[in-house]
Amino acid sequence: MEGKVLALPHYRARVGSPILLSADAGSAARRGSGRSRVSRYDAEAPPGRAGRGRVWKPDNPDSSPRRAGISGVPKLNPNVSTKRAGMSKVPIINFEVSHHRAVAAVRLLRAEKGKAFVDLLNEKGNDSGENEMGYVERTLGFSTRHLDDRDIRLVTVIVAGTVRWKRYLDYLIMSLCSEEKVFSDMEPLLLQILRIGFFEILKLNVPAYAVVDENVRLAKVALRPGAGNMVNAILRKLLLLKETDSLPLPKIEGDDRAQARALSIIYSHPVWMVRRWIRVLGKDEALKLMNWNNSDPYFSLRVNTASGYIRADLVERLEDLQVHYEISIMDEFVRIREGMQAVLQAGLLKDGMCAVQDESAGLVVSVVDPQPGETIIDCCAAPGGKTLFMASRLSGQGKIWALDINKGRLRILMEAAKSHNLDHMITDIHGDLRLHAKESTVKYDKVLLDAPCSGLGVLSKRADLRWNRQFEDLEELMCLQDELLDSASSLVKPGGVLIYSTCSIDPEENENRVTSFVQRHPEFIPQGVHGYVPAQFVTDEGFYSSNPTKHSLDGAFAARLVRSMH
């Protein structure tokens, strides 16, 4: 998954990554006042009162940690260190709270505030467990036991799934509240706990007793007993409705706008996306696309041929790790649906044996068709997957310049290049393409512009992306894409090739941008991609296009534009 997703004022954020799955039966039911047994590493310290606290008042948003909608934070023992933003060196450990649900609830809070990504590719492995526990302790006032591999997998599944199905879950939660005001005034943490419970019941099929017991306890300890009672009542209402097959979902009826609103709830997508896809793709294809976006995605691994590896080497390591794989249509790739944590912890990425990259991005590189001896510039290079793949195809002859506006991401790109033994082939350039093109006199054989875009082709792997996009973004993006295309074109040698690509499936960002560019720059002639990619990816106009529902790949687009010799 390589494309550049919306980066407006500063090319904003780009695409992140994917997901895995499992479910937890939880622990046995436990009733009570919400007070739980609290264990400390300091055996002489008295137990804390984890479930008590005053009600959070919204008129004091700067109070911490209640600004996240949290009350009932237990008082720490005065002998416990509270250095490092409240993270105690001798933490209060509550073993009775479902640890992965506590982490999931806090991560959902952080994601909603824009302070965390909803990523399932966690290259730090268990090391990140320390950070997760720190966030939980600073947010809730207590910690839980550390996460093992299975816990990390559960957290990522719950977080991504809850974010993905947010509109659907919120509609049901609001329907089951006694009145709409109860939902609109609900504390953020309480809402996240309910979303987790609804997702587990409706989409993961976790045993009902485990969902109710564990989420009720989390609400009681993290908030107060009354919050646990509310979670208990609402979850039990949901269970009854599910058992009788009478969930209060909207009916798909009325005019186009009303039907789109209903479908946006049932399939949990923004209304504007639903309406646009029905208009452009037709209703049946739009429904297939939303189902794809809501499904659990796979990972693609590309073997690093520059270090002498072949796909058989990667397959052998996957078999050793007991990770199930599928052979890709591309020689350098394999797919896996589960087991990414094992791949990460085995060091396959860190050691440079392979990289995570969707085949759709690999096919864009096939459209570029890097040849030994060529000079190539990647104009929006970070995070660098395409840059590394292109460099590996040069067979040690030629040069690639990696240009990006984000200095930190360029540094990560160059670190990856070193681990792949490609750093001698790649030179990084920190800067804005538009300014660089005005100042540079250098011309290149090939120029790749993998442009910032809406990312509408990668929604299955970016659970939060759908909620971070507005219809108005498209027009702003199209203006940016036109500016970047104009700038990139000035870097192409006479007879050279400009490749324009996105990870979008919207024609406004793809075919229409190419048509508009050629009208402004008649010295560029579109060249069909026949022979560069398999025939099923070639459009009637000769462009490369991968379609999630047709090809079971991320959505992507690429066009080859050849500059005349005069």
| request: Anything under 30° is parallel, anything over 60° is perpendicular, the rest tilted; go ahead and classify Trp292 against Tyr298. | output: perpendicular
Are any side-chain N or O atoms of [X] and backbone N or O atoms of [Y], one a donor and one an acceptor, separated by less than 3.5 Å?
X	Y	result
Lys242	Ile201	yes
Trp467	Val163	yes
Arg409	Ala381	no

| query | Around Met353, counting heavy atoms of other residues, nucleotides and ligands shown, do more than 12 lie under 6.0 Å from its CE? | reply | yes
| note | salt bridge (Lys or Arg N to Asp or Glu O under 4.0 Å) filter on Glu285, not counting sequence neighbours, yields Lys288
| query | Can you find a heavy atom in the side chain of Leu202 that is under 4.5 Å from one in the side chain of Leu238? | reply | yes
| Close side-chain approach of Ile327 to Arg311, heavy-atom, < 4.5 Å | yes
| said: Do the side chains of Lys386 and Asp450 get close enough for a salt bridge, i.e. N-O under 4.0 angstrom? | reply: yes
| message | For Arg217, is there an ion pair with Asp213 - N to carboxylate O distance below 4.0 angstrom? | response | yes
| request: Quickly, which of Asp296, Asn293, Asp358 forms a side chain to side chain donor-acceptor pair (under 3.5 Å) with Lys461? Name it, please. | output: Asp358
| query | Pairs in or reaching into residues 316-343: which pass ring-ring contact (aromatic ring centres under 6.0 Å, His included), with residues at least two apart or in two chains? | reply | Phe333-Phe389
| field | Set of residues satisfying ring pair (Phe, Tyr, Trp, His ring centres under 6.0 Å) with respect to Tyr168, sequence neighbours excluded | value | Trp165
